[in-house]
Amino acid sequence: MENLLRVGVISSTHGVKGEVKVFPTTDDPARFKSLKKVMLDTGREHMDLEIQGVKFFKNMVILKFKGFDSIDEIEKYKGKDLLISRDQAVKLGPDENFIIDLIGLRVVTEDGAELGTLTDVIKTGANDVYEVRTGEGKDVLLPAIKECVLGVDIEEGIVTVHIMDGLLD
């Protein structure tokens, strides 16, 4: 399991006083209001940043970091990830998992047959969809609903599924 979780990506600067627009990669962008610190992945190192201000505009979060007071100081971090440690993460409910923990798990059918590897989780709004790459290299899409996904065992690294009629056609 990854110890760091991505909560956003700096998409651009905002104004000239060091603020940035962040595309949130978390289910709950409002969580930025309670975050005090994040880590910036510069590509070479992780830099701790203290959040000084949070605003919201459309689907973006506008952040101001302590010590960055001009556009020139922050502009070089466009496109970089903002990370948090697992202990800063929101508490998950029953039957909830972080996407990063699902990617790479083995997917087996309820009768134990190997289907493939979970390669992506697609957010559709209604329900998530699991993308599974079969041993033959074919991509299969499975709705992440109780009728299809019977169980997820992160420790064992297995997702057990029921193949509903028509899903593999």
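Position 1 is the first residue of the sequence; numbering continues from there.
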Report all side-chain donor-acceptor pairs from residues 46-66 shorter than 3.5 Å, counting only partners two or more places apart or in another chain.
residue, atom, partner, partner atom, Å
Lys55, NZ, Glu19, OE2, 3.2
Lys64, NZ, Phe68, O, 2.3
Lys64, NZ, Asp69, OD1, 2.9

**OP:** Please lay out, stage by stage, how Leu142 and Val149 fare under the test side chain to side chain contact (heavy atoms under 4.5 Å, CB included).
**Re:** CA-CA 8 Å; Leu142 303 174; Val149 178; 5.6 Å; no
Original post:
For Val108, which fellow cluster members are found when Ile, Leu, Val, Met, Phe, Trp and Tyr are connected by side-chain heavy-atom distances below 4.5 angstrom, either directly or through intermediates?
Top reply: Ile158
Side-chain atoms of residues 5-18: list all donor-acceptor pairs with protein atoms under 3.5 Å, sequence neighbours left out, distances to 0.1 Å.
residue, atom, partner, partner atom, Å
Ser11, OG, Lys21, O, 3.2

Subject >> With Lys146 via salt bridge (charged side-chain N to carboxylate O under 4.0 Å, His left out) - residues at least two apart >> reply: Asp95
**OP:** For residues Leu115 and Ile163, determine if any side-chain heavy atom of one lies less than 4.5 Å from a side-chain heavy atom of the other.
**Re:** yes
**OP:** Apply side-chain hydrogen bond (donor to acceptor under 3.5 Å, both in side chains) to Asp72 and list each qualifying residue two or more places apart in sequence or on a separate chain.
**Re:** none
Original post:
Looking at residues at least two apart in the chain, or sitting in another chain, which of them share a side-chain contact (heavy atoms from CB on, under 4.5 Å) with Glu136?
Top reply: Thr134
Subject >> Val129 reachable from Ile99 in the ILVMFWY side-chain graph, under 4.5 Å edges >> reply: no
Original post:
So which pairs with a foot in residues 23-33 pass side chain to side chain donor-acceptor pair (under 3.5 Å), sequence neighbours left out?
Top reply: Asp27-Lys123
Subject >> Residues that Asp120 engages under salt bridge (charged side-chain N to carboxylate O under 4.0 Å, His left out), provided they are two or more places apart >> reply: none
Subject >> With sequence neighbours excluded, residues passing side-chain hydrogen bond (donor to acceptor under 3.5 Å, both in side chains) with Thr109 >> reply: Asp111
**OP:** Output all residues satisfying salt bridge (charged side-chain N to carboxylate O under 4.0 Å, His left out) with Glu156, sequence neighbours left out; order by chain, then residue number.
**Re:** none
Subject >> Partners meeting side-chain hydrogen bond (donor to acceptor under 3.5 Å, both in side chains) with Lys80 (sequence neighbours left out) >> reply: none
Original post:
side-chain hydrogen bond (donor to acceptor under 3.5 Å, both in side chains) with Glu73: which residues, sequence neighbours excluded?
Top reply: none
